[in-house]
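Proteins get letters first, then strands, A, B, ... in listed order; numbering begins at 1 in each.
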Protein chains: 4
Amino acid sequence: MRKSDSSNVTRKPRNPGRPRSESSRTSIFSAVLKLLATKSLRDISIEEIAFEAGVSKATVYRWWSNKTQLAIDAFLNDISVKAPFVVRGTITDTIVSQVHALADQYRGRDGEILRQIIAECQASPEDMKIFHQKFLFLRREEAKRYIRIARKDGVIASKLDDDTIIDMIYGPIYYRLLLRHARIDKSFVKSIVDHVFKQFGPIAVANIRPQS
Amino acid sequence: MRKSDSSNVTRKPRNPGRPRSESSRTSIFSAVLKLLATKSLRDISIEEIAFEAGVSKATVYRWWSNKTQLAIDAFLNDISVKAPFVVRGTITDTIVSQVHALADQYRGRDGEILRQIIAECQASPEDMKIFHQKFLFLRREEAKRYIRIARKDGVIASKLDDDTIIDMIYGPIYYRLLLRHARIDKSFVKSIVDHVFKQFGPIAVANIRPQS
Amino acid sequence: MRKSDSSNVTRKPRNPGRPRSESSRTSIFSAVLKLLATKSLRDISIEEIAFEAGVSKATVYRWWSNKTQLAIDAFLNDISVKAPFVVRGTITDTIVSQVHALADQYRGRDGEILRQIIAECQASPEDMKIFHQKFLFLRREEAKRYIRIARKDGVIASKLDDDTIIDMIYGPIYYRLLLRHARIDKSFVKSIVDHVFKQFGPIAVANIRPQS
Amino acid sequence: MRKSDSSNVTRKPRNPGRPRSESSRTSIFSAVLKLLATKSLRDISIEEIAFEAGVSKATVYRWWSNKTQLAIDAFLNDISVKAPFVVRGTITDTIVSQVHALADQYRGRDGEILRQIIAECQASPEDMKIFHQKFLFLRREEAKRYIRIARKDGVIASKLDDDTIIDMIYGPIYYRLLLRHARIDKSFVKSIVDHVFKQFGPIAVANIRPQS
DNA sequence: CAATAATCGAGACGGTACGTCTTGTCTTCAC
DNA sequence: GTGAAGACAAGACGTACCGTCTCGATTATTG
């Protein structure tokens, strides 16, 4: 067998040298999440993460430029969308159930981590931008797709732009997540979504769950 | 009135020892605000504040247990309510104009500072509690008074509790303040308050129908 | 009556104003000595002394310019010469018994304090000078008087100057006091004084204790 | 010999990680000695040493637990025995010339440094112990070797133990070094050693008589 | 007896240094 | 080339004392 054969068609052009350790990557993520269970992101040091992960500090720095970006990746790697839009029943049902699922998620550990990440991003526009790109905008884009479906279905007759509608729904939830003045309980979430959907056009009010 | 009387009445119970320097207090506040104009609260060190204020580090630590609590006091000392509830026109007018004034304020320097303070509070429940007591709850209580007036006037017929109504109004604004995905512009604020007030109360409900 | 009369011979010219508190003075001395029983002079702060004495820091600073000078005064106020030259037996007896008494004293608490004071004086020529004037030179002068008597009595025939003879006797004791490589026990002191007095002239050797 | 063999034999067990910087070590020593030329060890701060050496404070603390131990090492690194025992002439000549060389050394900068180190050691038994081990005991052991030779040669017939003899010789010198009441001049040193050596041994004793 | 004056306590103040901690980089050897 | 180990420069942390100061209260002498 010749050399050219061994590097077959589908093989991507493998870099020379020792390949990146996958176990390092995952143990770093585990370490971050484990430490986040005990203290704030701000109070966690990279040294601590490296020690907890059994990895050298340089390895952490080679792959992430700071603690916030590492936390974002660890968070994304872990959650894999616990609050998806599930198409079942009316479009209103789909959206409402997603908002409730999101609230459930944010009441727990994931809300805590998200709170920490958003806090850290306040000190760095660059990190905030990365948070937008890797998390917030993707979620909002997905939400917008369903908002547009709702418009098409006549459930939303309002001329408000998608961003404003999304902020009306999720804004109060994030407000409570970050200000912590009250719990994000089910009745609160129900009040928010009821209020938003009742408002948007008479059809919406009339047809809120006509199919069921 | 005899001397003994007046001394009883007017004498304030002066503490022993050198009195606290008022000029230190104000120059520390000025220093914090000046530095907050150039960088995040997180990136400001107490050493820097002390130097900028021409004060020793110990003096800062004597009066504030950490940077966040100092920032809260500096902020409160400075703002003295730029977005008051002004009673003019209907109760709806009063509330709506306050929300707009608040949004105006948060678009500028005060929003930036508030963002920084809220971020820092995420790392410390104790600091968050102080923020609640010194700022958030006072503002919310004031808002509740006007919400109650609106209820009495029949403008709000909804059975939603005061906290939820407040979060519907201010939540989206704080959401944009903290997540920074979009500006808190006038049209956004108008959309929010219109939406909230159209919904509540019989008149609002009645007025929706004509569109259909 | 003239002024000179009114301020009579024994009356000292009393200053106006509140007189210095004698109780403060003594309680400061007590505090210093008490603290010196637990830690080194270097590790004692003036704040601690003031607190322990129930006195304000300013009172300490008003009367002593630094900790070392205060310690010197506290030490002198306390010891009142525990190792005097007692004239009994021959002049050699007098000197030898004083050296032994001094060694006894230095083995204990007083040696510890003296060690601390001498150490602190190494950092300040001014303090060292005060130590010389208030302690060392007075003691050495007294010793010299007895050395001179010994010379006159023919016990010391050597032409060595008084200072050198004193340093031969006390040097090894202070050496052990300060370097702490060995105890200043009785046999060591005996060896030193025997050695010194045997040396000085045949009379000395012959008459070391002829009277007894 | 094969490669694997040579690597076994000559390989020193190299520690992992970045090796200690030799240039930091020497520049720290230089900084200490330079600063000691201008002020007392007590008045030198570790911050100052680090700055002068162009090194971070943490690097100093990594290798020395305090200023005193650092000063001891800097001193030892620098002096490399300026007052050795040189075997020439009689054993008495050897010892006497060493004592004079030591006095010469102590009259200058080295005496000043030693004074500072001994002073600092008074506040810390641990530091004093290190001073004993790294400096004092080594020097005294060496001196004892020559004392023993002197005994064997009959120059010292006295039954006094080695430590006492050493303290008789060096004690007065250290006494003047530390109390600073008089200079350690050549005539003083000569008086001390003459006195000690005249005393010991039968010849010395015999030679005293003629004077009478 | 009032005025004057020094002392006292309490404790705030501007400073300085402490010894620790974390950051992000660098240097070495091992794989 | 990647990784572990760990030294390094930089610099902030929060604490502890320094020596000074600013108060009001106290305690003496002087007028």
Between C1' of E:dG19 and CG of D:L70, the distance in whole Å: 15 Å
Under 4.0 angstrom between B:R20 side-chain N/O and E:dA12 OP1 or OP2: no
For the residue pair B:E120 and B:Q116, confirm or rule out a side-chain donor-acceptor distance under 3.5 Å. no
Can you identify which nucleotide, out of F:dG19, E:dT28, F:dC8, has its nearest atom closest to the D:P19 side chain? E:dT28
Spell out yes or no: do the side chain of B:R18 and the base of F:dC21 have one donor N/O and one acceptor N/O closer than 3.5 Å? yes
Hey, which sits more toward the 5' end of DNA chain E by its nearest nucleotide, C:S21 or D:S45? C:S21
Basic-acidic side-chain contact under 4.0 Å: B:E22, B:R25: yes
Per nearest nucleotide of DNA chain E, the residue lying toward the 5' end, C:E22 or A:D43, is C:E22
Whole angstrom value for the distance that separates C1' of E:dT23 from CG of A:L41: 15 Å
Round to the nearest Å and state the distance from B:W63 atom CH2 to E:dG14 atom P. 12 Å
Test the C:R20-C:W63 pair against the cation-pi criterion, namely NZ or CZ under 6.0 angstrom from the six-membered ring centroid and within 45° of the ring axis. yes
Does a nitrogen or oxygen in the side chain of A:R62 sit under 4.0 Å from OP1 or OP2 of F:dG3? yes
Is any side-chain N of the basic residue among D:E48 and D:K39 closer than 4.0 Å to the acidic one's carboxylate O? yes
Please report the interatomic distance CE(D:M128) to CD1(D:I117), rounded to the nearest 0.5 Å. 11.0 Å
Tell me the interatomic distance from B:E47, atom CD, to E:dC21, atom C1', rounded to whole angstroms. 13 Å
Nucleotide F:dT2, atom P - distance to CH2 of A:W64 in whole Å: 14 Å
Worked verdict on D:S30 versus D:S27 for side chain to side chain donor-acceptor pair (under 3.5 Å): CA-CA 5 Å; D:S30 301; D:S27 66; over 6 Å; no
Hey, can you pull the residues of residues 49-60 of chain A with a non-hydrogen atom under 4.0 angstrom from DNA chain F? A:G54, A:V55, A:S56, A:T59
Mind running a 4.0 Å heavy-atom check of residues 24-34 of chain C against DNA chain F and sending the residues that fall below it, in number order? none
Heavy atoms of D:C121 and D:F131 approach each other most closely as SG-CB, 3.9 Å
Once you round it to whole Å, what is the distance between C1' of E:dC21 and CD1 of D:I46? 16 Å
Checking side-chain contact (heavy atoms from CB on, under 4.5 Å) against B:F29, which of B:I49, B:L76, B:D73, B:D78 comes through? B:D73
If I take atom OH in residue D:Y61 and atom P in nucleotide E:dT20, what distance separates them, rounded to the nearest angstrom? 7 Å
Give a yes or no on whether a salt bridge exists between D:E126 and D:K129, defined as a side-chain N under 4.0 angstrom from a carboxylate O. no
Starting at CZ of A:R42 and ending at C1' of E:dT22, how long is that distance when rounded to a whole Å? 12 Å
